[in-house]
Amino acid sequence: MSKPNRVPGYMQSKGNRNRGPIGDREIRYKCSMTNTILDVLRARPGWQEVAGPNVSAQQQQQQQQQGATKGSAVSSTQQGKDKSGSSQNPAPNKEPTNTTTSFKTSNILKAGTVANASFSSPLPARTVDGDWDFFWCDREWLHANYDSMFLQEHQKILHFRNHYELTRKNLMVKNLKRLRKQTEREQGKKEAESFDFFPTTYELPSEYHIFVEEFKRLPGIIWIMKPAAKSQGRGIFLFRKLKDITDWKKGEYQPLTDPNREVPETYVVQRYIENPYLIGGRKFDIRVYVLVVSYNPLKVWLYRGGFGRFSNSRFSLDSIEDTYVHLTNVAVQKTAPDYDPDKGCKWATQQLRQYLAAKHGTEVVRKVFQGIDNIIIKSLHSVQKIIINDKHCFEMYGYDILLDANLKPWLIEINASPSLTASGKEDYDLKYGVLNDVLNVLDLENSRLVGSSTRWFPDDNSRTLGARIMKLHRYIDHDLQMTPIDFEVTRSKVKVT
Ligand code: ADP
């Protein structure tokens with residue numbers, strides 16, 4: 001038998017430590033994606049790929065014939081391409097769908113043999129889906145199947161049922177505003193000011209009139225319009241004058257006279273951050289990876305790596321219609337005529353930290369990143385009672401954080417399906433590292449992560465956030481770039497420690 005590949009950061013367990021809830025047999029996984037995550041899963045010692053869900057034997061055979069290619073160490077993602085040709089977020093709308101399942105799956109029938117497929121299947125009858133232990137599914141699959149699934153004790157699946165409470169732009173802001181109000185009521189105005197990390201935002205069309213009042217109160221500033229449920233910069237535009245959204249308003253949400261007309265798309269209108277921190281004259285935002293393994297109690301892990309995404313063109317407020325200047329999405333920037341794929345538009349977070357430390361000192365940089373931790377914990381706290389907590393579920397979020405010229409971090413958005421398709425070797429290594437650590441933390445091998453450093457989590461017994469201060473209990477980790485965020489909760493007050 002050949003020796004399994006060694007996975008960086010993964011400690012081979014000794015003795016009977018690896019006898020997890022599924023005993024000594026291999027861990028069976030499914031994966032809806034054909035990018036870095038699939039490579040990580042395949043390299044995991046003792047893990048075995050099984051066919052995608054709801055795939056009939058006939059479909060499996062067809063897919064096997066269509067796309068069978070020999071599995072090899074070179075991945076599609078290393079070449080910066082998703083084999084299916086699709087993006088990580090294939091559905092333009094993040095809304096859950098209830099009637100059909102549409103998912104992409106690699107449908108691996110044997111380790112090392114790949115067949116791509118994209119198809120729809122009807123919602124299954126309530127079934128026990130028991131032939132896998134771990135499923136990296138897409139959101140559409142989860143929305144269509146979660147309510148009709150019984151999971152066995154040990155099974156783990158990506159996404160919480162209603163993750164969109166945090167990942168839809170309008171709902172994220174609604175939940176944050178609610179917690180801010182509660183904090184003001186319970187802790188006073190000063191404490192509520194610690195929620196000033198998201199730009200003033202209104203939902204359209206429902207809050208159009210409040211927005212207009214605010215618009216008139218602050219003449220001359222720039223606003224940004226964003227579809228609430230789209231991603232990758234689609235449908236976004238900036239404006240200075242109310243008349244600039246009149247045309248949009250006419251097209252998008254004129255009062256419905258035709259009963260058959262579709263419901264208007266929800267947008268958010270947000271105050272544009274006009275003074276971003278610039279490096280080389282360019283704007284950037286920071287992608288931060290966060291793993292939530294439980295909402296009750298809240299258990300959060302932060303990946304210390306990550307990257308800054310830069311715009312391709314120098315920043316200026318003269319050309320607010322130029323998306324290459326104002327949007328930092330890679331999907332947008334890579335279409336710029338002068339985009340250089342060899343250089344890309346990313347900097348590792350470590351590089352960014354070094355740059356900022358050299359300019360402003362380490363203490364300033366420590367504060368910036370502590371501010372980001374604070375944003376993460378507060379935003380998760382804002383939905384803690386709303387998210388349907390399920391011990392089978394976990395979520396890997398991609399936070400987008402923008403720094404302004406005063407190095408103040410701003411929360412722009414939170415993604416439940418951050419892109420795992422790599423744009424180059426460095427990007428691939430980074431994504432590989434994050435995903436590998438996610439699996440290390442989830443620890444399906446039940447190998448316990450052992451090592452020298454001691455970390456703390458809020459006590460599992462503290463069920464309510466109303467507890468004065470959560471008791472802490474010990475957790476041990478080793479060799480991970482992913483570390484728990486330590487925090488205290490006192491009524492509605494959350495503090496990163
Ligand atoms: P999407 O989900 O389409 O990526 P985002 O909300 O992340 O939408 O916005 C896309 C990009 O636009 C961000 O990465 C950021 O560069 C820029 N952006 C969004 N909102 C603001 C804002 N309020 N101020 C400044 N830049 C913004």
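Quantities reported herein were computed from a predicted structural model and do not represent experimental measurements. Counting convention: from 1, in listed order, for ligands and their atoms alike. Values below: every heavy atom of this structure, side chains too, minus hydrogens, waters and symmetry copies.
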*Measure the acute angle between the ring planes of His326 and Tyr272, then classify it against the limits of 30° and 60° as parallel, tilted or perpendicular.*
perpendicular

_Tell me whether Ile412 has any N or O atom under 3.5 angstrom from an N or O of ligand 1._
no

*Hey, which atoms in ligand 1 end up nearer than 4.0 Å to a heavy atom of Asp400?*
7 (O)

*Which bit of Ile273 is near ligand 1, meaning a heavy atom under 4.0 Å away: side chain, backbone, both or neither?*
both

*Determine the interplanar angle of the Tyr202 and Trp223 rings, folded into 0 to 90°, and report it as parallel if under 30°, tilted if 30 to 60°, perpendicular if over 60°.*
tilted

*Near Arg309, which atoms of ligand 1 are under 4.0 Å from a heavy atom of that residue?*
14 (O)

*State whether the number of non-hydrogen atoms from other residues, nucleotides or ligands found under 6.0 Å of Lys241 atom NZ is greater than 12.*
no

*Output the list of atoms in ligand 1 that are nearer than 4.0 Å to some heavy atom of Thr328, sorted by atom number.*
13 (C), 14 (O), 15 (C), 16 (O)

*At a 4.0 Å threshold, what atoms of ligand 1 neighbour a non-hydrogen atom of Gln270?*
20 (N), 21 (C), 22 (C), 23 (N)

*Would you say Tyr272 has any N or O atom under 3.5 Å from an N or O of ligand 1, going by distance alone?*
no

*Please work out whether any backbone atom (N, CA, C, O) or any side-chain heavy atom from C-beta onward of His326 is under 4.0 Å from ligand 1, and answer side chain, backbone, both or neither.*
backbone

*asked:* Please confirm whether the ring centroid of Trp347 lies under 6.0 Å from the ring centroid of Phe310.
replied: yes

*asked:* Distance under 4.0 Å to a non-hydrogen atom of Arg271: what atoms of ligand 1 satisfy this?
replied: 23 (N)

*Residue pair Asn415 / Thr167, side-chain heavy-atom distance below 4.5 Å*: no

*Taking the six-membered ring where the residue is Trp, are the ring centres of Tyr397 and Tyr289 under 6.0 Å apart?*
no

*asked:* Under a 4.0 angstrom heavy-atom cut-off, which atoms of ligand 1 come close to Asp285?
replied: 13 (C), 14 (O)

*Can the positive tip of Arg282 be found less than 6.0 Å from the middle of the six-membered ring of Phe315, inside 45° of the ring normal?*
no

*Give a yes or no on whether a salt bridge exists between Asp427 and Lys431, defined as a side-chain N under 4.0 angstrom from a carboxylate O.*
yes

*Would you mind telling me if ligand 1 is within reach of the side chain of Gln232, the backbone, both or neither, using heavy atoms under 4.0 Å?*
backbone

*Asn415 N/O under 3.5 Å from ligand 1 N/O*: no

_One thing to verify: whether Glu214 and Arg271 come together as a salt bridge, which I'm taking to mean a side-chain N less than 4.0 angstrom from a carboxylate O._
no

*Just which atoms of ligand 1 are under 4.0 Å from any heavy atom in Lys230?*
2 (O)

_List ligand 1 atoms under 4.0 Å from Ile236, heavy atoms only on the residue side._
3 (O), 8 (O), 9 (O), 10 (C)

